Peer 1: 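Okay, handing you the structure first.
These numbers come from a predicted model, not from an experiment. In what follows, every chain begins at residue 1, and chains take the letters A, B, ... in the order their sequences are listed.
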There are 2 protein chains.
Amino acid sequence: MTTRVLVVDDDAHILRAIRIHLTACGYAVRTAQTGRAALRAGAEEHPDLVLLDLGLPDLDGTAVITELRSWSTVPIIVLSARTDGADKINALDTGADDYLTKPFSMPELLARMRAAVRRSGSPTDRDTVVATRDFSIDLAAKRVLSRAGTQVHLTPTEWAILEILVRDRGALVSQRRLLSEIWGPAYRTETNYLRVYLAQLRRKLEPEPARPRYLITESGMGYRFQD
Amino acid sequence: MTTRVLVVDDDAHILRAIRIHLTACGYAVRTAQTGRAALRAGAEEHPDLVLLDLGLPDLDGTAVITELRSWSTVPIIVLSARTDGADKINALDTGADDYLTKPFSMPELLARMRAAVRRSGSPTDRDTVVATRDFSIDLAAKRVLSRAGTQVHLTPTEWAILEILVRDRGALVSQRRLLSEIWGPAYRTETNYLRVYLAQLRRKLEPEPARPRYLITESGMGYRFQD
DNA sequence: TGGATCCGTTAGGAAGGCGTCAAGATCGGT
DNA sequence: ACCGATCTTGACGCCTTCCTAACGGATCCA
């Protein structure tokens with residue numbers, strides 16, 4: 001599978017140069033020139049890696065890191081012209097994974113990208129099929145089977161929510177993260193969407209939709225898939 | 001819990017300087033001056049982080065990385081005097097997580113260490129689970145399980161308090177800090193909030209809520225989580 | 001001994017979050 | 001252009017959570 005990279009820089013020339021290099025190396029490249037565009041692209045496309053320039057016109061670079069980190073663990077490599085040590089430390093402590101000072105050598109960037117992707121890739125994969133007493137979920141096939149073996153039809157949004165919850169089953173998933181990942185960061189507060197779709201999922205999956213056993217609500221915090 | 005660092009360098013002076021710095025910053029430091037000693041120490045002590053100089057007398061630095069990586073995913077930060085780009089790329093592709101060229105600034109090293117540990121800590125829930133005799137707390141999943149395995153439901157405020165106490169378990173946490181972090185600096189003096197929520201937490205977690213064993217009050221100062 | 005201070009406990013009203021339903025808007029395929 | 005499926009939006013009632021106040025117990029010191 002190709003690695004999808006989101007490159008964020010306000011300079012179109014640099015953007016173009018990086019895109020050409022990365023594309024030639026087999027990466028799928030998406031670009032953004034502003035912080036807001038970067039956050040939108042991050043939420044919509046779920047890149048496997050983010051290359052982030054700190055000097056953006058609209059938002060502070062660390063603000064972009066903070067926002068991304070509020071719902072995602074995607075590796076972030078900061079590329080910056082600032083040689084100030086404080087910036088470096090600040091970015092790393094905010095949640096960046098690596099920090100390169102411009103000008104940097106392309107082979108080094110590529111090596112650091114490989115290292116970042118290697119780290120993030122391995123621990124994520126768990127079982128692809130999650131079975132409960134009442135139904136089973138095949139994450140790879142994007143399919144849900146009831147106990148009788150009949151297929152349960154889910155709409156795209158229903159599946160998106162269920163997938164996130166099941167991938168982190170047992171863990172509490174904040175409403176912020178669900179909304180950011182599915183509708184985008186701008187919808188962070190539209191919690192009524194979640195209420196509607198969770199009700200639909202429960203009607204389709206739970207033996208007693210009024211008394212949820214698998215799709216648990218943690219009031220004020222988020223939702224949890226309990227198996 | 002303190003982070004255990006294995007520092008590998010053939011120069012005793014540098015070793016000593018790094019040890020002093022890291023110990024002062026709260027790390028538990030173990031040192032090795034040769035590749036073989038490093039591998040032995042890595043196998044015996046399972047450090048949380050390795051700082052590795054590439055110029056070792058007995059083994060090539062990349063050989064140490066390869067050997068460690070054959071059985072461990074511990075973060076490795078390479079410290080090297082070689083400015084050659086090829087070395088850097090080679091080390092990263094062999095399995096190193098980061099690469100700093102000497103001379104480097106101490107604050108930057110510390111920031112990169114924090115970033116490396118943060119990354120390695122989150123995916124697996126080894127360090128995020130705190131188990132006691134009566135219950136276990138999963139900080140990443142935001143979940144508390146009683147000894148019987150049943151889930152203990154906590155409200156957002158209860159969880160916020162417990163999380164702060166458990167993250168600094170063993171240490172005294174002042175009432176001011178709890179109030180500032182959860183309700184904001186303006187509520188610094190509303191200590192009755194804490195009394196109410198600590199009582200609720202004890203009722204849910206302590207075997208004998210009237211005689212707290214884990215959530216300890218330090219009269220006039222603050223609270224402490226004792227495991 | 002008496003007062004002052006700090007803490008634990010309880011309970012009820014206020015506020016906000018959640019489940020539910022249904023209708024309008026939008027999308028996608030024929 | 002039509003129709004079904006899907007998504008959005010608003011409203012309502014219920015339930016959880018939070019805040020607040022009051023009271024009693026413990027400790028310390030004058």
Peer 1: Can you measure B:R211 atom CZ to C:dT9 atom P for me and round it to whole angstrom units?
Peer 2: 12 Å
Peer 1: Scan nucleotides 8-25 of chain D nucleotide by nucleotide, 5' to 3', and note B when protein non-hydrogen atoms come under 4.0 Å of the base, S if they reach only the sugar-phosphate, - if neither.
Peer 2: BB-B----SSSSBB----
Peer 1: Would you say B:T217 and B:R202 are linked by a side-chain donor-acceptor pair, where the criterion is simply a distance under 3.5 Å?
Peer 2: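 Their side chains do contain a donor-acceptor pair, which is all the 3.5 Å distance test asks for.
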Peer 1: Please state how far atom CZ in A:R203 lies from atom P in D:dT6, giving the value in whole angstrom units.
Peer 2: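 After rounding, the reported distance stands at 13 Å.
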Peer 1: Quick check: do A:R114 and B:I89 have side-chain heavy atoms less than 4.5 Å from each other?
Peer 2: yes
Peer 1: What residues form a side-chain hydrogen bond (donor to acceptor under 3.5 Å, both in side chains) with B:R69, not counting sequence neighbours?
Peer 2: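 Only B:D97 meet the side-chain hydrogen bond (donor to acceptor under 3.5 Å, both in side chains) criterion with B:R69.
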Peer 1: B:L215 CG to C:dG8 C1': how many Å, rounded?
Peer 2: 13 Å
Peer 1: Can you tell me if A:Q175 touches the phosphate of C:dG17, counting only side-chain N or O atoms and a distance under 4.0 Å to OP1 or OP2?
Peer 2: no
Peer 1: Looking only at side-chain N and O atoms, does B:T217 come under 4.0 Å of OP1 or OP2 in C:dC6?
Peer 2: no
Peer 1: Whether A:Y223 contacts C:dG17 is assessed here as follows: a side-chain N or O lying under 4.0 Å from the phosphate OP1 or OP2. Is that the case?
Peer 2: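 False: A:Y223 side-chain N/O out of range (4.0 Å or more) of C:dG17 OP1/OP2.
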Peer 1: Strictly below 4.0 Å, N to O, side chains only: are A:R188 and A:E67 in salt-bridge contact?
Peer 2: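 Here A:R188 pairs with A:E67 in a salt bridge, since their nearest N and O are under 4.0 Å apart.
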Peer 1: With a 4.0 Å limit, can you tell me whether A:R202 has a side-chain N or O closer than that to the phosphate oxygens OP1/OP2 of C:dG19?
Peer 2: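 Looking at the OP1 and OP2 atoms of C:dG19, one of them is under 4.0 Å from a side-chain N or O of A:R202.
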Peer 1: If the plane angle is over 60° it's perpendicular, under 30° parallel, otherwise tilted; pick one for A:F225 and A:F135.
Peer 2: perpendicular
Peer 1: Between C:dT9 atom P and B:L198 atom CG, what is the distance in whole Å?
Peer 2: 10 Å
Peer 1: At 10 degrees resolution, what angle do the end axes of the helix from C:dT1-D:dA30 to C:dT30-D:dA1 form when each is taken over five base pairs?
Peer 2: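 Roughly 40° between the end axes, to the nearest 10°.
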Peer 1: Expressed in angstrom and rounded to an integer, what is the separation of A:I182 atom CD1 from D:dT6 atom P?
Peer 2: 16 Å
Peer 1: If you draw a 6.0 Å radius around NE2 in A:H21, do more than 12 non-hydrogen atoms from other residues or ligands fall strictly inside?
Peer 2: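 Atom NE2 in A:H21 is not packed in, count stays at 12 or less.
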Peer 1: Ignoring hydrogens and geometry beyond distance, is a side-chain donor-acceptor pair present between A:D134 and A:T132 at under 3.5 Å?
Peer 2: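 Looking only at side-chain atoms, A:T132 and A:D134 do not form any donor-acceptor pair under 3.5 Å.
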Peer 1: Would you check if the side chain of B:R4 reaches a backbone N or O of B:H46 as a donor-acceptor pair within less than 3.5 Å?
Peer 2: yes
Peer 1: Does A:R224 pair with A:D168 as a salt bridge, N-O distance under 4.0 Å?
Peer 2: no
